[in-house]
Colleague: 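Here's a structure for you.
Quick note on labels: first sequence line is chain A, next is B, and so on, each numbered from 1.
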There are 2 protein chains.
Amino acid sequence: MRQTKRDELVRKALDIFYRNGFHATGMDMLVAETGISKTSMYKHFRTKEDLILAVLRLRDENFRNWLYRRVDELADTPRGQLLALFDALGEWFGKREFRGCMFIKASAEFQDRDHPIHVQAAEHKRLLLDHFTRLAEKAGAKDATALACQLLLLKEGAIVTAVLSQNCDPARDAGLAARVLIDQMLAV
Amino acid sequence: MRQTKRDELVRKALDIFYRNGFHATGMDMLVAETGISKTSMYKHFRTKEDLILAVLRLRDENFRNWLYRRVDELADTPRGQLLALFDALGEWFGKREFRGCMFIKASAEFQDRDHPIHVQAAEHKRLLLDHFTRLAEKAGAKDATALACQLLLLKEGAIVTAVLSQNCDPARDAGLAARVLIDQMLAV
DNA sequence: GACAAAAATTACTGATCTGTACACATTCAA
DNA sequence: TTGAATGTGTACAGATCAGTAATTTTTGTC
């Protein structure tokens, strides 16, 4: 119960950082938009960086939970789930609040590979890749690791393209490409 | 000839913004690292945003010229050139100064779709897509537009992955995937 | 109602941000 | 030699940055 305020802060900060970027969002803006005092913020987090790391942890949890659950709802077989990844992506791109991948943006603003924020963004991608790999194994792919890598490339590319191009449907293109790659990897 | 100083500024600012990010790079840092006075900077560019736009124009020119020329050197046939795209990407990823795609990073820091910097980043991607589409047409793809979109997804995904994952070879994965997609699109 | 933890308020520090003002130096051409 | 264009150096404005200190208010629990 006593964690409530902290959770509220992280939840609201997530929205603001996601919409506005990390460097462009000052602590004073967080105070104004969350209604939480700066003293409280600095009681829960020693620095802005610590807050950002907490935000990214929440984002990772939210996003992967959502994606895995949605894929599970959309298909039963491992092969079907690999394909459903891109249907789920399409749903995400269509949401009003879609603003691209928070981890790509984090790595763009904190470029140093050793920076904790960059490291955490990389960890998110690794967890996704692991999940894709397990799905590819269950589907019986000849080279599950390679297939998972390729599907991850399509996913990341689709996200970037969804942000930067209006008049196209990257989730559909990625899904069509994925089907070809999957069929080729499952063929005997 | 009197454009020299302005060009020098844009060239040096490109390096600094690319390494350090846009918001994280202040005009005072540009003064310190370029040796060009702030007064001169603001004589050539009314605002920091104008300077960034000029930097992105130069980057677009440099990058596309390099990529197109490199692909031309690596292969003769249109199909070979589509594949060579990913060999060229691999060379780029291996360079010491590689820091990801400047336009992805620009769109991450200036998220508003109407923002001039975001618009210019989108234009860069559109020009690349056009080039890919022409190559796919020359190669005789059944659906040149679709193939070009898919290859662009692989390219963007590979760049993002090259930034965020150390222990893998996204250019190779993308190249292998591209071969499958191209073969499927060129098959009768 | 009493008590203690948590949060808010307010004001502040020192640094940095974009952008400007002004005086002075350099270059080049007529 | 004059004069205009282009450059530099320095100082500054006004806002905002991350982060802190001291005090008061709110809140939940016994």
Colleague: In terms of side-chain heavy atoms of I36(B), which of dG19(D), dT8(D), dA8(C) is nearest?
Modeller: dT8(D)
Colleague: Could you work out which one of dG19(C), dT8(D), dT18(C) sits closest to the side chain of M27(B)?
Modeller: dT18(C)
Colleague: Identify, between K43(A) and H23(A), the residue whose nearest nucleotide on DNA chain D lies closer to the 5' end.
Modeller: H23(A)
Colleague: Which of these nucleotides, dT9(C), dT8(D), dA7(C), is closest to any side-chain atom of K5(A)?
Modeller: dA7(C)
Colleague: Can the positive tip of K105(A) be found less than 6.0 Å from the middle of the six-membered ring of Y18(A), inside 45° of the ring normal?
Modeller: yes
Colleague: Do the side chain of K38(A) and the base of dG19(D) come within less than 3.5 angstrom through a donor-acceptor pair of N or O atoms?
Modeller: yes
Colleague: Would you mind reading off the distance between D28(B) atom CG and dT20(C) atom C1', rounded to a whole angstrom?
Modeller: 13 Å
Colleague: Taking the side chain of S40(A) as its heavy atoms from C-beta onward, which of dG9(D), dT20(D), dA7(C) lies nearest to it?
Modeller: dA7(C)
Colleague: Among dG19(C), dG7(D), dA18(D), which is the nearest nucleotide to the side chain of H44(B)?
Modeller: dG7(D)
Colleague: Could you point out which residue of N65(A), D60(A), L58(A) forms a side-chain contact (heavy atoms from CB on, under 4.5 Å) with N62(A)?
Modeller: L58(A)
Colleague: For the pair made of CD in E8(A) and C1' in dA6(C), what is the distance, rounded to whole Å?
Modeller: 13 Å
Colleague: Among dA7(C), dG19(C), dG19(D), find the nucleotide with the atom closest to the side chain of T47(B).
Modeller: dG19(C)
Colleague: Looking only at the side chain of T39(B) (C-beta and beyond, no hydrogens), which of the listed nucleotides dG9(D), dT10(C), dT18(C) gets closest?
Modeller: dG9(D)
Colleague: Are H118(B) and F103(B) close enough that their ring centers fall under 6.0 Å?
Modeller: no
